There are 2 protein chains.
Amino acid sequence: MLLSAATSVFAERGFREATIREICQRAGANIAAVNYHFRDKEGLYEEVIKACRDDARNPEIHLSMDSSTPAPVRLEAYVRWMFRRVLAFDVEFPMGQIMSREMVEPTQALERVVEVHIRPEALWLGGVMRDILGPRFSREELARATMSVVGQILFYKHCGPVIRLLDPKVMPSRDTFEVHVRHITDFTLAALAGLRSHRDAESPLTSVAFDATDTVPFAVASHTR
Amino acid sequence: MLLSAATSVFAERGFREATIREICQRAGANIAAVNYHFRDKEGLYEEVIKACRDDARNPEIHLSMDSSTPAPVRLEAYVRWMFRRVLAFDVEFPMGQIMSREMVEPTQALERVVEVHIRPEALWLGGVMRDILGPRFSREELARATMSVVGQILFYKHCGPVIRLLDPKVMPSRDTFEVHVRHITDFTLAALAGLRSHRDAESPLTSVAFDATDTVPFAVASHTR
DNA sequence: CGCTGTTTCAAACTGCTGTTTGACATCGAG
DNA sequence: CTCGATGTCAAACAGCAGTTTGAAACAGCG
């Protein structure tokens, strides 16, 4: 009960703005419960992240979508999945909220979040991007293209209040959700096709210019250890 | 002296995390100075934003770049300008920092920031995008394309800590700055060219489908008043 | 029942924040 | 010089945060 209350409060308010008092009140527990069961506020936060690890994985994406599925289809599925998670119309994706907040105001738990949630996802998406772009792009180019995709999605999360002020009709809603997914997918696919054809025209006869270790856009493990 | 100290502290820490004590200490003033000269912390914050209004405008972009300059050149100039402002290697763009933070955790000053800084910029960039895309796109499509550009740029701001953990080499530095500008510009131009040619192929003979009021991507003034 | 270890709870504690207060300093005009 | 307005300053205040404490309640078990 405490964990679930903490999850929603952390998701709504972020780590710093979330108060132990509100968590305990929502859980019907005493103020001292957090410090008794978990060491302190940070301990509770880490447990929340650990608890979210399992249900944050999406089988639709990472399991049933292997390389036999056409890469553009995988891209669209990813955009739809992440976009829904990021917008969080429903509260069923608290980890998406927490991850978004961690990016903006990182806590000590960021390293764990990156290793457990973000890096596998980035590597998976990087594989999709590699399939679309082909072998003639360096790992840095691949990484930049990957981040161009993620950036388009996260923008609506990080800049939601601004978009609402700028023009509320532009902010994605349940009704316009699929339109936005289509736009981001089409925009990206058009960009990738253009980049690839341009690259092919530049060096039409040279073979793959990068070795096998460069096929992955990001480091496969953290550099910090 | 108080204003400049407040500007840098607000830019570094954000409104909530910034403390009056640090501002006064950095300015060599007393704690009570803020409440005496400005009403309270929020009053000081608003004055900081007002003071930044003038030097935040960039003549290179908004003045010397009229419609006689080719739209792709204007786009690249915008990307370079905003990207530098957002990364803030040097501290010369505190307003960029403050604006980025306002987007993520908005304060009561957000409305002013949007009207004074963001809306004119969004309309200007929307004009560039319209010139590239042509008339066959609705205002909503134009707005989404515009936000795909801004999203790619702001991503490096909002997700800096994550990128550094994921792979430090991917994070833009002074050395790789121009490479990133080139990527975002090329990615966007390729996407826009693809979208436009696809649209032209869809309806090659129909004329402009939208009236003149639809040429602007966002509302020209706030809906809230 | 009686004991022991565990969990709960109200209250107090510590430390940080923005803000206020009242005494003191400064200084220009009459 | 005198006076009053303006600014400065150290200190205290009030509020809220996370944390600790010590007593009370509880559960399991001989």
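As the structure is a prediction and not an experimental result, all values here were calculated from the model.
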*Asks:* Report yes if at least one side-chain N or O of A/Asn35 is closer than 4.0 Å to OP1 or OP2 of D/dG18; otherwise report no.
*Replies:*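 Negative; the distance criterion is not met.
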*Asks:* Using whole Å, what does the distance between atom C1' of nucleotide D/dC9 and atom CZ of B/Arg21 come to?
*Replies:*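 It is 14 Å, rounded to the nearest whole Å.
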*Asks:* Counting only heavy atoms not in B/Gln25, do more than 12 fall under 6.0 Å of its CD?
*Replies:*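 Result for CD/B/Gln25: open.
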*Asks:* To the nearest Å, give me how far apart CD1 (B/Ile31) and P (C/dA23) are.
*Replies:*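 Whole-Å distance recorded here is 21 Å.
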*Asks:* Using 30° and 60° as the class limits, which term best fits the ring planes of A/Phe83 and A/Tyr156: parallel, tilted or perpendicular?
*Replies:*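 Geometry flag for A/Tyr156 against A/Phe83: perpendicular rings.
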*Asks:* Does B/His37 make a side-chain N or O approach to OP1 or OP2 of D/dT8 shorter than 4.0 Å?
*Replies:*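 Answer yes for this pair, as a side-chain N or O of B/His37 is under 4.0 Å from OP1 or OP2.
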*Asks:* Answer yes or no: does atom CZ of B/Arg39 have more than 12 heavy-atom neighbours from other residues, nucleotides or ligands under 6.0 Å?
*Replies:*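 Atom CZ in B/Arg39 is not packed in, count stays at 12 or less.
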*Asks:* Tell me which of A/Ala32 and A/Tyr36 sits closer to the 5' end of DNA chain C, going by the nucleotide each one is nearest to.
*Replies:*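 Comparing both residues, the 5'-ward one is A/Tyr36.
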*Asks:* Whole angstroms only, please: what is the CD-C1' distance between B/Glu22 and C/dC16?
*Replies:*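 Result: 14 Å.
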*Asks:* Any salt bridge between A/Glu121 and A/Arg85, counting N to O under 4.0 Å?
*Replies:*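 Counted as a salt bridge, because a side-chain N and a carboxylate O are separated by less than 4.0 Å.
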*Asks:* Nearest-nucleotide wise, let me know which of A/Arg39 and B/Asn30 is further upstream toward the 5' end of DNA chain D.
*Replies:*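 With B/Asn30 and A/Arg39 compared, the 5'-side residue is B/Asn30.
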*Asks:* Nearest whole angstrom, please: distance from the C1' of D/dG18 to the CZ of A/Phe38.
*Replies:*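 Going from CZ in A/Phe38 over to C1' in D/dG18 covers 16 Å.
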*Asks:* Just the rounded figure in Å: distance from C1' of D/dA17 to NZ of A/Lys41.
*Replies:*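 A/Lys41 atom NZ is separated from D/dA17 atom C1' by 8 Å.
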*Asks:* Roughly how many Å is it from CG in A/Asp40 to C1' in D/dG18, rounded to a whole number?
*Replies:*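 Answer to the nearest Å: 9 Å.
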*Asks:* How long is the line joining CZ of B/Arg13 and P of C/dC16, in whole Å?
*Replies:*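 Spelled out: CZ on B/Arg13 to P on C/dC16 is 14 Å.
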*Asks:* Using atom CD1 of B/Ile23 as one end and atom C1' of C/dT19 as the other, report the distance to the nearest whole Å.
*Replies:*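 To the nearest whole Å, that distance equals 14 Å.
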